[in-house]
Amino acid sequence: MTFLPVEEQLQQIRRGTEEVIPQEELISKLEGSAKSGKPLTVKLGCDPSRPDLHLGHSVVLRKLRQFQDLGHQAVLIVGDFTGMIGDASGRSKTRPALSMAETRQHGATYFEQASKVLNPEKMQILYNSEWLGAMGFEDVVKLAMKTTVARMLHRDDFAARRARDEPIGLHELLYPLAQAQDSVSIRADIELGGTDQKFNLLMGRTIQKATGQAPQVCITLPILEGLDGTEKMSKSLGNYVGLAEPPESIYGKLLSIPDRLIYRYFELASDAGQKDLAALGQMTQEDPRNAKHLLAATIVKMYHGLEAAKRARCHFERTVIRKEAPKDVPTFTPTLLEGSRIGLLTLLTQAGLTSSNGQARRMVQQGAVRLDAKRVTDSRRVIDLAQEAPLMVRVGKRRFARITW
RNA sequence: GGGCAGGUACCCAAGCGGUCAACGGGGGCAGACUGUAAAUCUGCUGGCUAAGCCUUCGGAGGUUCGAAUCCUUCCCUGCCCA
């Protein structure tokens, strides 16, 4: 195997990273692999508790992809075992633990989604239950001897929870150790992660050293802000763009980001090269509206292709800008007890447009309900389907149904 | 094991015998506005056969005409002591 010159690899690797710890070791590892012709083992742990990958995850995944393209060995560790612990890194609460079966299943979903970014041909996937599950109590104790409680409690989310008198499960302290054991087991040369993973990544170094291995280089990547522009992108905050989402949804969500995030997204989540970025920065300043459309199209294209990107734009213009009904409105046929008449509220709830009659009533009162584009204000309105169907019902801006009978 | 402080709707958090479906904030939803699904402003935010009724304030009992509020007990969390 021949690699690009070290200097060139280094430049690519460093692009878009937050920290490389320590830089010199990365250089010597690259030099070593260039000499021996052996690729470096680059590890990325994935948390199978939330198999919905989003743009935030793609930042790290794209970095791993880069290593693949440079000829190194990508190793994806599915945390089927650690998923049972549930890490709270960067979060403020204990995570719900999963069963092994769930965690396995999620792992498969994870891989499927990650393949949108990674090169699945050149990847090794390992489940950490393979080695963690085989450890006995004695092994765990010995592993735990390699660090101290004080050090563990230094991790900022633990410290924060202690400061707020919130619970920390004892098992949670084991999480960084388990993740570190993964690095030992696969003899990782490099481990990637978001900046919120820094502590766990460094623990890998500590434990590798303690077991006589060369410590891994830790590379952290920036955390992508979510659609709200302040919190980190995460599923639980609902401010995310999922990699598996339909094109229209990705497009729409991206258009809702605050303008100051446009460049950031290009930088961290798109394929834009260094040269493009300069131009895009300019464009973001001068014409944020089009820059944002371009961003949305670029990202939809990455995951769904050019055609989908065009369709998504049309859909957006049609539904959001011109406020028209989308092309494909689901059809619904209400179930009637007798006759052809149905109360409006019942109809809305039956069609799944509102979650209860009460909510339907509120929607009507707020002027959110339209029948064939005409606003309805009477919540006692009764519809005679024999007369009025087919009927286009709309609640709010985005919920539509075509009523037939 | 002992002492203390807590557990309220999606989240945070008031309420501490009736006027409580429960203040306030966040989030969510809707309306107006907008290049936008952003920002801003306004409203709504348990369910129902709907001016009435039903279920809800950690669980189970109890006191009372009446309990989120008082008592008993159990469960859970944090802090201090051991």
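Order of the sequence lines fixes the chain letters, A, B, ..., with proteins taken first and strands second; residue numbering starts at 1 for each chain. Because the structure is a prediction, the values reported are computed rather than measured.
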*Within 45° of the axis and under 6.0 Å from the centre of the six-membered ring of Tyr265(A), does NZ or CZ of Lys292(A) qualify?*
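Judged by the rule (NZ or CZ under 6.0 Å from the ring centre, within 45° of its axis), Lys292(A) is not positioned above Tyr265(A).
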
Whom does [N] pair with, Watson-Crick or G-U wobble, provided both distances fall under 3.5 Å?
{"N": "C10(B)", "value": "G26(B)"}
{"N": "C70(B)", "value": "G62(B)"}
{"N": "C79(B)", "value": "G3(B)"}
{"N": "A32(B)", "value": "U40(B)"}

Return all side-chain donor-acceptor pairs below 3.5 angstrom for residues 349-361 of chain A, not counting sequence neighbours, or 'none' if the list is empty.
unit_1: Thr349(A); atom_1: OG1; unit_2: Leu345(A); atom_2: O; d: 3.1
unit_1: Thr349(A); atom_1: OG1; unit_2: Thr354(A); atom_2: OG1; d: 3.3
unit_1: Thr349(A); atom_1: OG1; unit_2: Ser356(A); atom_2: O; d: 3.4
unit_1: Thr349(A); atom_1: OG1; unit_2: Asn357(A); atom_2: OD1; d: 3.1
unit_1: Gln350(A); atom_1: OE1; unit_2: Thr335(A); atom_2: N; d: 3.0
unit_1: Gln350(A); atom_1: OE1; unit_2: Thr335(A); atom_2: OG1; d: 3.4
unit_1: Gln350(A); atom_1: NE2; unit_2: Thr335(A); atom_2: O; d: 3.2
unit_1: Thr354(A); atom_1: OG1; unit_2: Thr349(A); atom_2: N; d: 3.4
unit_1: Ser355(A); atom_1: OG; unit_2: Gln359(A); atom_2: OE1; d: 2.9
unit_1: Ser356(A); atom_1: OG; unit_2: Gly358(A); atom_2: N; d: 3.4
unit_1: Ser356(A); atom_1: OG; unit_2: Gln359(A); atom_2: N; d: 3.1
unit_1: Gln359(A); atom_1: OE1; unit_2: Ser355(A); atom_2: N; d: 2.7

Say we look at [N] and [M]: how far apart would their [atom1] atoms be, to the nearest angstrom?
{"N": "U19(B)", "M": "U69(B)", "atom1": "P", "result": "13 Å"}
{"N": "G59(B)", "M": "C12(B)", "atom1": "P", "result": "16 Å"}
{"N": "A39(B)", "M": "C4(B)", "atom1": "P", "result": "48 Å"}
{"N": "A68(B)", "M": "G3(B)", "atom1": "C1'", "result": "27 Å"}
{"N": "G25(B)", "M": "G46(B)", "atom1": "P", "result": "15 Å"}
{"N": "A9(B)", "M": "G47(B)", "atom1": "C1'", "result": "13 Å"}
{"N": "A67(B)", "M": "U56(B)", "atom1": "C1'", "result": "13 Å"}
{"N": "G27(B)", "M": "C10(B)", "atom1": "C1'", "result": "8 Å"}

Atom [atom1] of [X] and atom [atom2] of [N]: how far apart are they, to the nearest Å?
{"X": "Arg375(A)", "N": "G31(B)", "atom1": "CZ", "atom2": "P", "result": "7 Å"}
{"X": "Leu261(A)", "N": "U36(B)", "atom1": "CG", "atom2": "C1'", "result": "14 Å"}
{"X": "Ile321(A)", "N": "U36(B)", "atom1": "CD1", "atom2": "C1'", "result": "7 Å"}
{"X": "Leu227(A)", "N": "G28(B)", "atom1": "CG", "atom2": "P", "result": "11 Å"}
{"X": "Arg322(A)", "N": "U34(B)", "atom1": "CZ", "atom2": "C1'", "result": "17 Å"}
{"X": "Ile257(A)", "N": "G35(B)", "atom1": "CD1", "atom2": "C1'", "result": "13 Å"}
{"X": "Arg313(A)", "N": "U36(B)", "atom1": "CZ", "atom2": "P", "result": "12 Å"}
{"X": "Asn239(A)", "N": "U36(B)", "atom1": "CG", "atom2": "C1'", "result": "17 Å"}

*Polar side-chain atom of Asn239(A) near backbone of Lys232(A) as donor-acceptor pair, under 3.5 Å*: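 Answer holds: yes.
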
*Can you name the nearest heavy-atom pair linking Lys63(A) to Ile13(A), along with the distance?*
NZ-O, 2.8 Å

*Mind listing the closest non-hydrogen atom pair of Cys218(A) and Leu201(A) along with its distance?*
SG-O, 3.4 Å

Report which part of the nucleic acid [X] touches: base, sugar-phosphate, or nothing (heavy-atom distance under 4.0 Å, all strands).
{"X": "Arg260(A)", "value": "nothing"}
{"X": "Glu317(A)", "value": "nothing"}
{"X": "Asn290(A)", "value": "nothing"}
{"X": "Gly252(A)", "value": "base"}

_Measuring only between side-chain heavy atoms, which start at C-beta, is Lys327(A) closer than 4.5 Å to Cys314(A)?_
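Heavy-atom side-chain distance check fails, nothing below 4.5 Å.
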
_If you assign each of Lys323(A) and Val369(A) to its closest nucleotide in RNA chain B, which residue comes earlier from the 5' end?_
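Its nearest nucleotide being more 5', the pick is Val369(A).
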
*Using only side-chain N and O atoms of Lys397(A), determine if any of them is under 4.0 Å from OP1 or OP2 of C29(B).*
no

*Any side-chain N or O of Arg399(A) under 4.0 Å from OP1/OP2 of A30(B)?*
yes

*asked:* List the residues meeting ring pair (Phe, Tyr, Trp, His ring centres under 6.0 Å) with His315(A), not counting sequence neighbours, and say none if there are none.
replied: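 Residues passing ring pair (Phe, Tyr, Trp, His ring centres under 6.0 Å) with His315(A): none at all.
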
*Protein proximity profile, nucleotides 39-52 of chain B - base contact B, sugar-phosphate-only contact S, no contact -, cut-off 4.0 Å on heavy atoms*: ----BSS-SSSB--

*Heavy atoms under 4.0 Å is the rule here; annotate nucleotides 77-82 of chain B 5' to 3' with B where the base is hit, S where only the sugar-phosphate is, and - elsewhere.*
SSS---

*Could you pull out all residues at least two apart from Arg14(A) that satisfy side chain to side chain donor-acceptor pair (under 3.5 Å)?*
Gln23(A)

*Got a sec, which residues hit salt bridge (Lys or Arg N to Asp or Glu O under 4.0 Å) with Arg62(A), two or more places apart in sequence or on another chain?*
Asp271(A)

*May I ask you to decide if the ring planes of Phe316(A) and His293(A) are parallel, tilted or perpendicular, using 30° and 60° as cut-offs?*
perpendicular

*Do Lys146(A) and Thr206(A) get their side chains close enough for a donor-acceptor pair, meaning under 3.5 Å?*
no

